[in-house]
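One structure is given below, encoded as structure tokens.
The first residue of the sequence shown is numbered 1, and numbering continues consecutively from there.
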Amino acid sequence: MIALSQVVPRLADAHIRMLVSEEPAVLIEGPRGSGKSTVLHSIAAEHGVPVVNLDDLPTRAAILEGSVAPLLSPGLVVIDEFQHAPGVLSTVKQIVDSEGRPGRFLIAGSVSGRLLPTGTETLTGRVHRVTLLPLATGELLEASPRWLAKVLATEEPPSVRSEVDRDGVFELVAAGGYPGALFRPTPKLRDRWFASYLSTVADRDLPNLVDIRNPGAISRLYRLSAERTASIATMTELAQRLDIKPQTARSYLDLLDRCYLTHELPSWTVGVSARVGRKPKLHVTDTGLAASVLGLDATRLGRTTTGGSLLESFVVTELMKQATMIDQPLTLSHFRDRTGVEVDLVVERVDGSVIAVEIKSAATVSRTDGKGLRFLRDKLGDRLIAGVVFHTGPLTVQLDDRIWATPVSALWGGAAPKSEQGRPS
């Protein structure tokens with residue numbers, strides 16, 4: 001079983017430290033339990049400053065009563081879980097506007113700013129935002145999760161011989177990336193953590209922020225989202241399953257997105273087909289949480305169609321994590337037209353160049369598995385840098401002009417879990 005024995009370095013650490021040295025304010029957003037507080041406390045300790053933790057009730061009460069003294073320190077001010085007292089952002093704005101120097105604020109929160117009350121200061125133009133999702137697999141294995149950066153630099157995927165077989169890939173899909181779960185040594189303890197986590201977010205955190213009139217619907221909607229991950233979400237179907245109105249299902253799905261439990265991958269509609277679909281694709285953010293909610297272990301995942309869908313979400317989210325640490329604008333989307341041509345992920349740079357990705361759960365691939373990639377290559381011409389089919393086999397091979405097949409484990413350099421850390425060798 002994949003497990004953690006100690007806190008591991010985050011890919012984002014160096015990036016966030018660089019931003020703190022260069023920007024007046026840095027805001028880390030991401031799901032509860034993703035490791036934001038660990039990063040904050042580490043940086044605060046380096047600067048010799050305290051963390052203003054708004055999850056602490058006395059601290060929160062003092063701030064809400066108007067005591068802003070902890071925010072007025074002349075050095076770096078570190079604020080955790082700001083969403084509990086979003087008014088602090090107005091004080092941050094005033095100080096940033098009056099001083100403008102780098103290294104003034106490092107802030108973290110467990111919900112998207114879109115979930116905060118109307119009128120809350122957004123710090124537009126004054127803060128650099130970073131999304132910190134649960135551990136990338138390369139972080140978990142202490143390997144090198146920089147596949148996307150390498151492809152952007154060299155315009156072809158690195159050749160990899162995987163140390164991870166198909167069963168090992170699904171072990172990683174089932175493990176997910178939440179440190180709190182990965183520190184637990186047995187499946188039973190891990191499932192208990194996941195159940196408590198979902199209940200805390202859906203039944204406590206969200207009702208504290210917004211009015212939810214259907215108790216329990218958020219948790220049930222997450223389960224439905226896990227069942228339908230890597231597919232087009234249909235609000236009518238979700239509403240029928242939950243016995244709520246479609247517009248309520250839409251608003252509740254937005255809440256899951258704003259707590260980073262799910263995300264919707266937009267449709268890519270850049271003029272390559274007159275029949276292109278325009279609906280987003282729904283993905284769970286952490287496949288470990290989703291697999292636990294569905295009662296699926298690694299063995300069962302490898303034998304079900306749901307396992308293939310969770311593998312797609314796993315790869316998409318791994319690439320999202322890598323994209324946030326690349327210092328250039330990237331747009332991630334999916335492609336689907338009404339003739340049945342699909343590409344699971346399209347990564348586009350500002351110059352219009354594209355990396356297209358397909359994900360297959362099979363350990364072998366053939367030229368036909370690159371059908372959608374060839375379609376985009378023929379439509380885009382030189383704009384297509386590379387088309388890549390991720391699979392669960394061992395080797396990187398070229399299938400066609402600018403189209404390759406490569407192991408899922410190439411995302412972190414092909415490394416297998418270390419057996420001495422309680423993981424299969």
Side-chain angles (χ1 to χ4, degrees), residues 2 4 7-19 26-36 38-39 108 110 112 128-153 157-158 164 169 172-182 229-230 257 259-266 281 283-291 310-334 344-349 355 357 359 388 390 406-415 417:
I2 313 299
L4 279 177
V7 175
V8 299
R10 298 302 304 264
L11 179 65
D13 282 355
H15 184 65
I16 293 171
R17 283 169 169 78
M18 179 270 291
L19 291 172
V26 177
L27 174 58
I28 306 174
E29 298 176 305
R32 175 183 283 273
S34 64
K36 302 182 301 300
T38 300
V39 174
S110 295
S112 165
H128 189 98
R129 285 178 163 81
V130 178
T131 301
L132 189 68
L133 297 175
L135 289 167
T137 303
E139 295 171 323
L140 170 60
L141 304 186
E142 300 180 56
S144 176
R146 298 186 182 276
W147 182 89
L148 183 56
K150 291 177 181 178
V151 178
L152 289 169
V164 188
V169 170
L172 291 160
V173 173
Y178 280 107
L182 290 164
T229 195
D257 181 273
C259 284
Y260 304 96
L261 294 183
T262 63
H263 62 272
E264 290 186 275
L265 194 65
K281 213 171 186 180
H283 286 281
V284 293
T285 302
D286 187 81
T287 54
L289 176 61
L310 283 172
L311 177 64
E312 181 179 331
S313 292
F314 174 83
V315 172
V316 167
T317 306
E318 288 285 309
L319 289 168
M320 285 176 57
K321 294 171 184 178
Q322 294 189 19
T324 61
M325 296 301 108
I326 295 174
D327 201 14
Q328 62 173 285
L330 298 172
T331 301
L332 276 63
S333 50
H334 78 96
D344 295 328
L345 181 67
V346 177
V347 182
E348 185 176 19
R349 294 194 288 202
I355 297 169
V357 170
I359 300 112
V388 181
F390 281 102
T406 198
V408 168
S409 67
L411 288 166
W412 57 88

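Side-chain atoms of Gln322 come within 3.5 Å of backbone atoms of Leu411 as a donor-acceptor pair (strictly under, hydrogens ignored). A donor-acceptor pair is defined here as one N or O able to donate and one able to accept, closer than 3.5 Å; such a pair exists between the side chain of Glu139 and the backbone of Leu11.
Side-chain contact check for Val408 versus Val173: every heavy-atom pair is 4.5 Å or farther apart. By the 4.5 Å heavy-atom criterion applied to side chains, Leu311 and Ile359 are counted as neighbours. The shortest distance between side-chain heavy atoms of Leu261 and Thr285 does not fall below 4.5 Å. Between Leu135 and Pro179 there is a side-chain heavy-atom pair separated by less than 4.5 Å. For the pair Leu332/Val316, no side-chain contact is recorded, criterion being any heavy-atom separation below 4.5 Å from C-beta on. Side-chain atoms of Leu133 and Met320, non-hydrogen and from C-beta on, do get closer than 4.5 Å to each other. Side chains of Trp412 and Leu172 form a contact here, defined as non-hydrogen atoms less than 4.5 Å apart. At least one side-chain heavy atom of Leu132 sits under 4.5 Å from a side-chain heavy atom of Val39.
Atom CG of Leu289 and atom OG1 of Thr262 lie 11.0 Å apart (nearest 0.5 Å). Here OG1 of Thr137 is found 6.5 Å from NZ of Lys321. Values are rounded to the nearest 0.5 Å. Between the CD1 atom of Ile326 and the CG atom of Leu148 there is a distance of 4.0 Å, given to the nearest 0.5 Å. Annotation: the span from Phe390 atom CZ to Phe314 atom CZ amounts to 10.5 Å, rounded to 0.5 Å. Of the inter-residue distances, the one linking Asp327 atom CG with Met18 atom CE reads 5.0 Å to the nearest 0.5 angstrom. Considering CZ of Arg349 and OG1 of Thr331, their distance stands at 12.0 Å, rounded to 0.5 Å.
Using modelled atom types and a 3.5 Å distance limit, the side chains of Glu348 and Ser333 yield no donor-acceptor pair.
Considering every non-hydrogen atom in both Ile2 and Pro417, the closest pair reads CD1-CG, 3.7 Å. Smallest separation of non-hydrogen atoms from Leu141 and Ala415: CD1-O, 3.6 Å. Contact between Gly176 and Leu182 at its shortest, heavy atoms only, is O-CD1, 3.9 Å. Scanning both residues, Gly33 and Tyr178, for their nearest heavy atoms gives O-CD2, 3.6 Å. Closest approach of Val130 to Met325, counting heavy atoms only: CG1-CE, 3.8 Å. Heavy atoms only, all atoms of each residue included: Ser34 and Pro134 are closest at CB-N, 3.8 Å.
Scored by the salt bridge (charged side-chain N to carboxylate O under 4.0 Å, His left out) test, Asp286 finds no partners at all (sequence neighbours excluded). The side chain to side chain contact (heavy atoms under 4.5 Å, CB included) check on Ala108 picks up Ile28, Lys36, Leu40, Asp80, with sequence neighbours excluded.
Arg146 CZ: 12 or fewer foreign heavy atoms inside a 6.0 Å radius.
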Requested in this report: Show your working on side chain to side chain contact (heavy atoms under 4.5 Å, CB included) between Leu345 and Val315 and close with a plain yes or no.
Outcome: CA-CA 9 Å; Leu345 181 67; Val315 172; over 6 Å; no
Query raised in the report: Does the pair Val388 and Val151 meet the rule for a side chain to side chain contact (heavy atoms under 4.5 Å, CB included), with working shown?
Result: CA-CA 10 Å; Val388 181; Val151 178; 5.6 Å; no
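Ring planes of His283 and His263: parallel class, angle under 30° (limits at 30 and 60°).
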